[in-house]
S.K.: 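I have a structure I would like to understand better, so I am pasting it below and will then ask my questions one at a time.
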Amino acid sequence: MNTPDAQTEFARGAVIIPFAVYMIAVFVIAWAAHRYLRQNKSFEDEYYVGSRSFGAWVLAMSWVATMASGGSFLGYPSRIFSYGWSMTLWVSGSCVAALVGLGVVGKRINRLARQTGALTLVDILRDRFNSRAIGFVYPIVIVFITSVYLLAQFVAGARILENIMEISYFQGLLIFSVCVVLYTTYGGFRAVAWTDTLQGIVMIVGIVLLVPFALYAASGMTAATTALSERVDPVAELRGLPQEKHAYLYGPGPRKVPGNIEELSKAPKETIGAEEDLRWLPWTLGISFFMLRSLAAMMMPTTVPRMLAFKDTRALRRALYVLAPYILLMYASSLITMNCAEKIGLGLAPHDADQAVPELARRVAPAWLAGLIIAAPFAAVMSTVDSGLLVVSASIVRDLVQRNFVPEMRQSTTRRLSYGITAAVGVVAFGMALSKPPFLQPLVIYYGGGAAASLFWPSIATLFWRRANSAGVLAGLAGGMITFVLFNIYQPFDGYVHLHAFVYGFALSGILTFLVCRFGPAPSQHELDFYFGAPTPQQPDERMV
Amino acid sequence: MPEQPRQKYLETQHRHVTQCLREAWFVGIVWFASLLFVAGWIGVYGYLPESSRPDEPTLVLGIPSWAFWGLFVPWLVLVPVTWFFAAVVLKDDEPILPWPDGDDEPADQEADPS
């Protein structure tokens, strides 16, 4: 029992046991949620919005667990591991994420959904303008960007299992996919929200618990930052560029790690060259990330269903009380722990940065606690995947098929189709994840950027602007999405100013939405009365909305 | 359609929209102020050219001082600001009234949306 092999085996078992307990809890919750699904008269109402009955705690935890994905618990910490304190501006937009994410549109969406019986955001938009075109284009955009997100999360889930169970990437991906697709398909939205609540608790406990262990292992924050100030930039070294003084302590940070770093590090030095000298985060790019991280929280396709599902304003208010400190603790904890990583010495190559959190947990925490800490990013990944699966399923079954082709679909058909599509989307995501993209966070940012660039202004106009019309909403949606995709590929202005592609898409979407709505056909009086009402006759000026 | 339920519906819906807009404005102002402060502070103190960087960077609790004052402190302030929004600015929603019967067909005439 005292041989090194036996000790390693014991430690591995100690890591897996709390992890296994967590997984069992997830399945028990899904089973309980499925009982609700069987008892409820309206399958769709229960499967997609949990009968609109969620209180503060479930709203808060399920919103944050869905918003904070594997990106927040693996990708973002891996970037801190790679770029040090220069990540500060990158994450700064999260300081207003709760306020912006729920405070602007939460109440309005919830009320309109109740008034119109909407099960998805697309229902609300389509019904306001009575537009089939919106009913087609909106869900297609949502399916596209959510699929990218799902791919990232499947990769993250597989990598965690690869690390914790010491199995191959393929085996990790298979186990992860089967687990998450099973409980999501089986339990529907209520299972997703309840498991999100458990996952939200596991996430915050895990990530906060890591802080004292990391600080202890690094002999304090001051020692950790001092060690970081002397860190050698591996990309500069590889390319033969000069090392910059305190590159990890100031913006714009060290050189950007290229996607092909693994091949570069194996290539002969004379073949590499110094032609690319990109810094990690120029200030203007940092501002883009502030905007992206705060504004994307509002209209993420995966978080919007929560706004249709809470029961009243009281639940929303209490959720905000919980979320404000929660998000601070979540992101600040990673800034502290991962900036200790250099002093602790994880020994990871730059291309293995996504393994930084599990590796740190294994290094600094006792084995039994490491299991819980590693369960935190896994919980974040699962809670996002289950929501993503349901969003894509709802977009296909409800928004594309039912609303456009079979409005009187039988409940049993809806049930079978929903189960089938949810499972099928999981299988497709599994297939895409087999390609094993090298870095997780760019895919997550692609999702957030795409959502904010294309969905933000059209949705805001629909909810708040009397003058909005379907042409303006479609123009903003298509213009934002196309610009975002093209600017991501070609980056035409990067030689002049470094802004994220999202900024261009976001700006053009806003301009198009405004212009086409302003000069396009006016809405009917009936539409305005239903959605905006009218002031009492004594207060005519208040009608300016 | 009876005039009273219709008028009541219109007024209730209007009060809901007006209140939602008030809340959205509050959030918008806080968001913009946060952007100005955080990006400004970090831009001035956190993006020093290599030649201006001190040999021993100033730390607060082991954190570079620009990150401490430019992110951690405003974030700590924004927590009570969010609580203030939830407690004071965010009002309970108006009751949802049914759309009065007999007027469920969209009107043909265009409206003045201003």
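Below, chain A is the first sequence line, B the second, and so on; all start at residue 1.
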S.K.: With respect to chain A, which residue among B:His16, B:Glu11, B:Glu23 yields the maximal number of heavy-atom pairs within a distance under 4.5 Å?
M.R.: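 Among the listed options, the one with the most contacts to chain A is B:His16.
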S.K.: Between A:Trp283 and B:Ala39, is there a donor-acceptor pair closer than 3.5 Å when you use the side chain of the first and the backbone of the second?
M.R.: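 Answer holds: yes.
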S.K.: Give, for atom CE of A:Met291 and atom CG of B:Leu35, the distance between the pair rounded to the nearest 0.5 Å.
M.R.: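 Output value for this atom pair is 7.5 Å.
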S.K.: For the CD1 atom of B:Ile96 and the CG atom of A:Asn110, what is their distance to the nearest 0.5 Å?
M.R.: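 One finds 7.0 Å between CD1 of B:Ile96 and CG of A:Asn110.
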S.K.: Tell me, out of A:Arg318, A:Gln115, A:Arg314, who's got the most heavy-atom pairs with chain B below 4.5 Å.
M.R.: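 Most heavy-atom pairs under 4.5 Å with chain B: A:Gln115.
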S.K.: Output the option from A:Ala223, A:Ala468, A:Cys95, A:Ala324 having the highest count of non-hydrogen pairs under 4.5 Å with chain B.
M.R.: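 Looking at each of A:Ala223, A:Ala468, A:Cys95, A:Ala324 in turn, A:Cys95 comes out on top.
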S.K.: State the CG-CH2 distance between B:Leu21 and A:Trp465, to the nearest 0.5 angstrom.
M.R.: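 If I round to the nearest 0.5 Å, the distance is 13.0 Å.
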S.K.: Can you tell me how far the OH atom of B:Tyr47 sits from the CZ atom of A:Arg279, to the nearest 0.5 Å?
M.R.: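 That separation rounds to 11.5 Å.
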S.K.: For chain A, which candidate among B:Ile42, B:Val89, B:Val38, B:Asp92 shows the most heavy-atom pairs at distances under 4.5 Å?
M.R.: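 Result: the option with the highest number of such pairs is B:Asp92.
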S.K.: So, does A:Ser92 use its side chain to make a donor-acceptor pair with the main chain of B:Leu71 at under 3.5 Å?
M.R.: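 It does not hold such a pair.
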S.K.: Got more than 12 heavy atoms from elsewhere within 6.0 Å of OH, A:Tyr321?
M.R.: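 Above 12, so yes.
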S.K.: NZ of A:Lys245: more than 12 outside heavy atoms within 6.0 angstrom?
M.R.: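 It does: A:Lys245 NZ has more than 12 such atoms within range.
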S.K.: Given that the side chain runs from C-beta out, which part of B:Ile63 has a heavy atom under 4.5 Å from chain A: side chain, backbone, both or neither?
M.R.: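 B:Ile63 touches chain A through backbone and side-chain heavy atoms alike.
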S.K.: If I measure from the heavy atoms of chain B, does A:Ile327 come under 4.5 Å with its side chain, its backbone, both, or neither?
M.R.: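 Its backbone and side chain both get close to chain B.
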S.K.: What part of A:Leu329 lies closer than 4.5 angstrom to a heavy atom of chain B: side chain, backbone, both or neither?
M.R.: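 It is neither, since no heavy atom gets under 4.5 Å.
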S.K.: Using side-chain contact (heavy atoms from CB on, under 4.5 Å), reason through B:Phe72 and A:Thr88 one step at a time and then give a plain yes or no.
M.R.: CA-CA 9 Å; B:Phe72 284 84; A:Thr88 303; 5.8 Å; no
S.K.: Given heavy-atom pairs under 4.5 angstrom as the criterion, report whether the side chain, backbone, both or neither of B:Pro54 touches chain A.
M.R.: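 Contact with chain A is through both the backbone and side chain of B:Pro54.
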S.K.: Identify which of B:Pro57, B:Ser34, B:Gly43, B:Ala24 forms the greatest number of heavy-atom pairs closer than 4.5 Å to chain A.
M.R.: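 The residue among B:Pro57, B:Ser34, B:Gly43, B:Ala24 with the greatest pair count is B:Pro57.
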S.K.: Going by the angle between their ring planes, with limits at 30° and 60°, are A:Tyr250 and B:Trp66 parallel, tilted or perpendicular?
M.R.: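 Aromatic pair A:Tyr250/B:Trp66 classed parallel.
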S.K.: Is B:Pro95 in contact with chain A via its backbone, its side chain, both, or neither, using a 4.5 Å heavy-atom distance?
M.R.: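 Looking at B:Pro95, just its backbone touches chain A.
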S.K.: When rounded to the nearest 0.5 angstrom, what distance separates OG1 in A:Thr226 from CG in B:Leu59?
M.R.: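 Here the interatomic distance stands at 6.0 Å.
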S.K.: Can you tell which of B:Arg15, B:Arg53, B:Gln19 has the highest number of heavy-atom pairs within less than 4.5 Å of chain A?
M.R.: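 Looking at each of B:Arg15, B:Arg53, B:Gln19 in turn, B:Arg53 comes out on top.
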S.K.: Mind checking the CZ-CZ spacing from A:Arg317 to B:Phe85? Nearest 0.5 Å is all I need.
M.R.: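 Rounded to the nearest 0.5 Å, the CZ-CZ separation comes out at 9.5 Å.
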S.K.: Is the side chain of A:Thr225 donor-acceptor paired with the backbone N or O of B:Gly62 at a distance under 3.5 Å, no angle test?
M.R.: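 Side chain of A:Thr225 to backbone of B:Gly62, a donor-acceptor pair under 3.5 Å: yes, one is there.
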S.K.: For B:Gln13 and A:Phe530, indicate whether the former's side chain and the latter's backbone hold a donor-acceptor pair under 3.5 Å.
M.R.: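 Yes, because the side chain of B:Gln13 sits within donor-acceptor range (under 3.5 Å) of the backbone of A:Phe530.
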S.K.: Is there a salt bridge (Lys or Arg N to Asp or Glu O under 4.0 Å) between B:Glu94 and A:Arg111 once you walk through the steps?
M.R.: CA-CA 9 Å; B:Glu94 298 284 334; A:Arg111 183 186 179 90; over 6 Å; no
S.K.: Give the member of A:Ala332, A:Gly220, A:Ala224, A:Ser94 that has the highest number of heavy-atom pairs under 4.5 Å with chain B.
M.R.: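 The option with the most such pairs is A:Ser94.
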S.K.: Only pairs of heavy atoms separated by less than 4.5 Å count here; which of A:Val91, A:Leu228, A:Val104, A:Leu99 has the most with chain B?
M.R.: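 Heavy-atom pairs under 4.5 Å are most numerous for A:Leu99.
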S.K.: Less than 4.5 Å apart, any side-chain heavy atom of B:Trp99 and any of A:Asp529?
M.R.: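 A side-chain contact under 4.5 Å exists here.
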S.K.: Between A:Leu281 and chain B, with a heavy-atom cut-off of 4.5 Å, which part of the residue counts as in contact: side chain, backbone, both or neither?
M.R.: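 Both parts, backbone and side chain.
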S.K.: Relative to chain A, which of B:Val81, B:Leu97, B:Asp55 shows the most heavy atom pairs under 4.5 Å?
M.R.: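 The option with the most such pairs is B:Asp55.
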S.K.: Using a cut-off of under 4.5 Å on heavy-atom pairs, state which of A:Asp312, A:Leu89, A:Ile287 scores highest against chain B.
M.R.: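 The residue among A:Asp312, A:Leu89, A:Ile287 with the greatest pair count is A:Leu89.
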